[in-house]
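For reference, the structure discussed in these notes is given below.
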Amino acid sequence: MTSVDLLIIMAHPDDAESLSLLSKVFLLDNQVSESERTLLAAAAINPELPSVFVNQARLLLKQAKPAEALAKAQSGYEQLSEDPESCLVLAACLSANQRDHEALPFIEKVLQVKPKHAEAFSFRALIRLRGKDIPGAIKDAELAVSLKPHLARTWALLAALNYQSNNLPGAIGAQRSAHENEPTNVSYMVSLGEFLRQDKKLEDAISILSKAAQLNPQNADVHNNLGVCLKGLSKLEEAESSFKKATICKPEDAQFHFNFGKILQELGKLEEAELSLRRAIELKPVFAEALSGLGRVYYSKGDVDSALTNFKAAYDINPSIRANELWLEIIKARKLRAENKEE
């Protein structure tokens with residue numbers, strides 16, 4: 001029997017406080033619809049119960065309704081001003097409404113009462129991050145996970161902070177901990193795979209991203225990142241398959257079509273590469289890399305005039321890419337030689 005099952009048995013249908021607590025448990029377990037249903041039952045019994053307001057605020061935050069959440073949190077805080085959880089929920093709602101400067105005093109209030117409140121440190125880390133206090137944010141995040149090592153979101157935050165501080169090994173370690181605490185969270189797996197790729201640990205990156213692809217085969221980022229890693233190991237056919245899946249999952253993403261077109265070009269599939277690169281340019285007309293890639297395809301096909309047009313367009317968008325300038329010189333020299341032969 002799980003703790004949720006036990007609470008269901010314990011929660012009396014006429015006990016608003018128990019139902020409110022049960023709704024919080026459901027929300028922590030990401031069972032949003034069950035949380036909402038249980039909270040409605042609690043509110044029907046006692047709509048003025050402070051914990052109902054607080055948990056309604058939690059639910060509304062989860063549903064991305066920050067203004068409504070703030071109103072509920074304020075109502076709960078009016079009756080529970082000394083309760084740390086009420087303070088923290090109010091702080092979260094203020095922050096969600098872009099009022100970090102007002103949220104911070106409530107977090108400090110919680111830490112005065114409970115100096116080892118892991119969630120308060122975690123939340124303060126997030127606010128410090130938004131305030132560009134990276135060292136302070138790292139310190140708070142480290143404190144939070146030292147107090148509660150199961151806080152996966154805080155591990156992920158710490159990973160991002162370490163990455164911003166150019167501490168790639170620290171980012172990998174923290175992201176691994178986030179993944180270990182939530183092994184089926186695909187977004188954590190995508191981040192870990194990317195950190196591993198940047199650390200040149202391509203086999204490890206491929207392993208984690210392959211598992212992510214099995215968990216969520218409709219995630220375009222997983223397939224794209226997997227393709228990048230496979231290409232890095234010169235596994236071009238496997239990379240082609242992954243890049244193709246990315247374009248199917250997210251057909252309106254120009255970058256994915258570009259990546260697919262480039263790998264097709266490397267495999268010598270010029271007709272297919274042309275189609276994919278043209279699609280990338282349709283989606284993003286000012287895409288120098290795709291125009292340059294298409295120029296290379298046309299050059300390989302012997303269509304020098306079309307190649308020249310695309311390389312010139314790429315150069316006009318981004319003159320700093322030296323390769324485009326070199327290609328223009330090569331093509332102009334080739335055309336000049338052809339003209340001299342005709343004479």
Side-chain angles (χ1 to χ4, degrees), residues 163-164 166 168 190 193-195 197-200 202 205-206 209 220-343:
Y163 183 74
Q164 286 192 33
N166 297 315
L168 189 55
V190 170
E194 176 58 17
F195 293 153
R197 182 193 70 80
Q198 292 188 28
D199 201 35
K200 299 185 176 15
L202 296 181
I206 288 170
L209 291 169
D221 291 322
V222 170
H223 294 302
N224 182 70
N225 291 8
L226 182 56
V228 172
C229 294
L230 289 165
K231 183 180 177 183
L233 291 178
S234 299
K235 298 181 178 181
L236 301 188
E237 288 80 8
E238 293 176 61
E240 176 194 358
S241 176
S242 289
F243 284 136
K244 183 176 183 179
K245 288 175 184 176
T247 63
I248 293 170
C249 293
K250 201 172 182 181
E252 301 305 311
D253 192 297
Q255 185 66 45
F256 293 164
H257 285 282
F258 169 70
N259 290 346
F260 185 38
K262 288 290 290 179
I263 201 72
L264 288 167
Q265 179 191 358
E266 290 188 39
L267 288 166
K269 300 178 180 182
L270 299 182
E271 296 298 333
E272 295 174 67
E274 179 185 346
L275 290 174
S276 195
L277 291 167
R278 286 173 67 88
R279 180 58 180 153
I281 296 164
E282 287 173 9
L283 292 166
K284 183 182 174 182
V286 185
F287 196 165
E289 292 83 357
L291 286 161
S292 178
L294 187 57
R296 295 182 189 216
V297 169
Y298 282 132
Y299 190 85
S300 297
K301 293 172 66 175
D303 187 348
V304 179
D305 289 334
S306 293
L308 180 63
T309 299
N310 281 275
F311 280 121
K312 187 175 186 310
Y315 178 79
D316 290 342
I317 293 169
N318 190 351
S320 67
I321 300 178
R322 174 64 176 156
N324 291 330
E325 187 177 356
L326 291 173
W327 272 107
L328 287 172
E329 292 173 2
I330 290 168
I331 292 172
K332 287 176 182 177
R334 176 174 170 173
K335 288 174 71 68
L336 183 61
R337 287 195 302 271
E339 290 170 3
N340 289 337
K341 283 183 180 179
E342 290 176 2
E343 293 175 0

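Excluded from the calculations below are hydrogen atoms, water molecules and symmetry mates; all remaining heavy atoms, backbone and side chain alike, are included.
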Measuring only between side-chain heavy atoms, which start at C-beta, is [X] closer than 4.5 Å to [Y]?
X	Y	answer
Ser292	Ile321	no
Glu282	His257	no
Phe260	Asn224	no
Gln198	Tyr163	yes
Lys335	Asp305	yes

On a heavy-atom basis, which atom in [X] and which in [Y] lie closest, and how many Å separate them?
X	Y	answer
Gly261	Ala273	O-CB, 3.5 Å
Leu270	Val297	O-CG1, 3.6 Å
Ile206	Cys229	CG1-CB, 3.6 Å
Asn324	Ala314	ND2-CB, 3.6 Å
Pro285	Ile317	O-CD1, 4.2 Å
Val222	Val190	CG2-CG2, 3.4 Å

Which distance, rounded to the nearest 0.5 Å, do you find between the [atom1] of [X] and the [atom2] of [Y]?
X	Y	atom1	atom2	result
Ser241	Leu236	OG	CG	12.5 Å
Ile263	Lys231	CD1	NZ	5.0 Å
Leu328	Lys312	CG	NZ	8.0 Å
Gln265	Lys262	CD	NZ	4.5 Å
Arg197	Leu202	CZ	CG	8.0 Å
Lys284	Asp253	NZ	CG	9.0 Å

Legend entry - Residue pairs, two or more places apart or on separate chains, that pass ring-ring contact (aromatic ring centres under 6.0 Å, His included) and touch residues 226-248: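 Residue pairs passing ring-ring contact (aromatic ring centres under 6.0 Å, His included), neighbours aside: none found.
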Legend entry - Qualifying ring-ring contact (aromatic ring centres under 6.0 Å, His included) pairs, either residue in residues 278-325, two or more places apart: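 Non-adjacent pairs meeting ring-ring contact (aromatic ring centres under 6.0 Å, His included): Phe258-Phe287, Tyr299-Trp327, Phe311-Trp327.
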Legend entry - Positive for side-chain hydrogen bond (donor to acceptor under 3.5 Å, both in side chains) with Ser306, one of Asn310, Thr309, Asp303: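 So the option named by the test is Asp303.
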Legend entry - Presence of salt bridge, Arg322 and Glu325, under 4.0 angstrom: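 Between Arg322 and Glu325 there is a salt bridge, with a charged N closer than 4.0 Å to a carboxylate O.
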Legend entry - Lys301, NZ atom: more than 12 neighbouring heavy atoms under 6.0 Å: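 More than 12 within 6.0 Å, yes.
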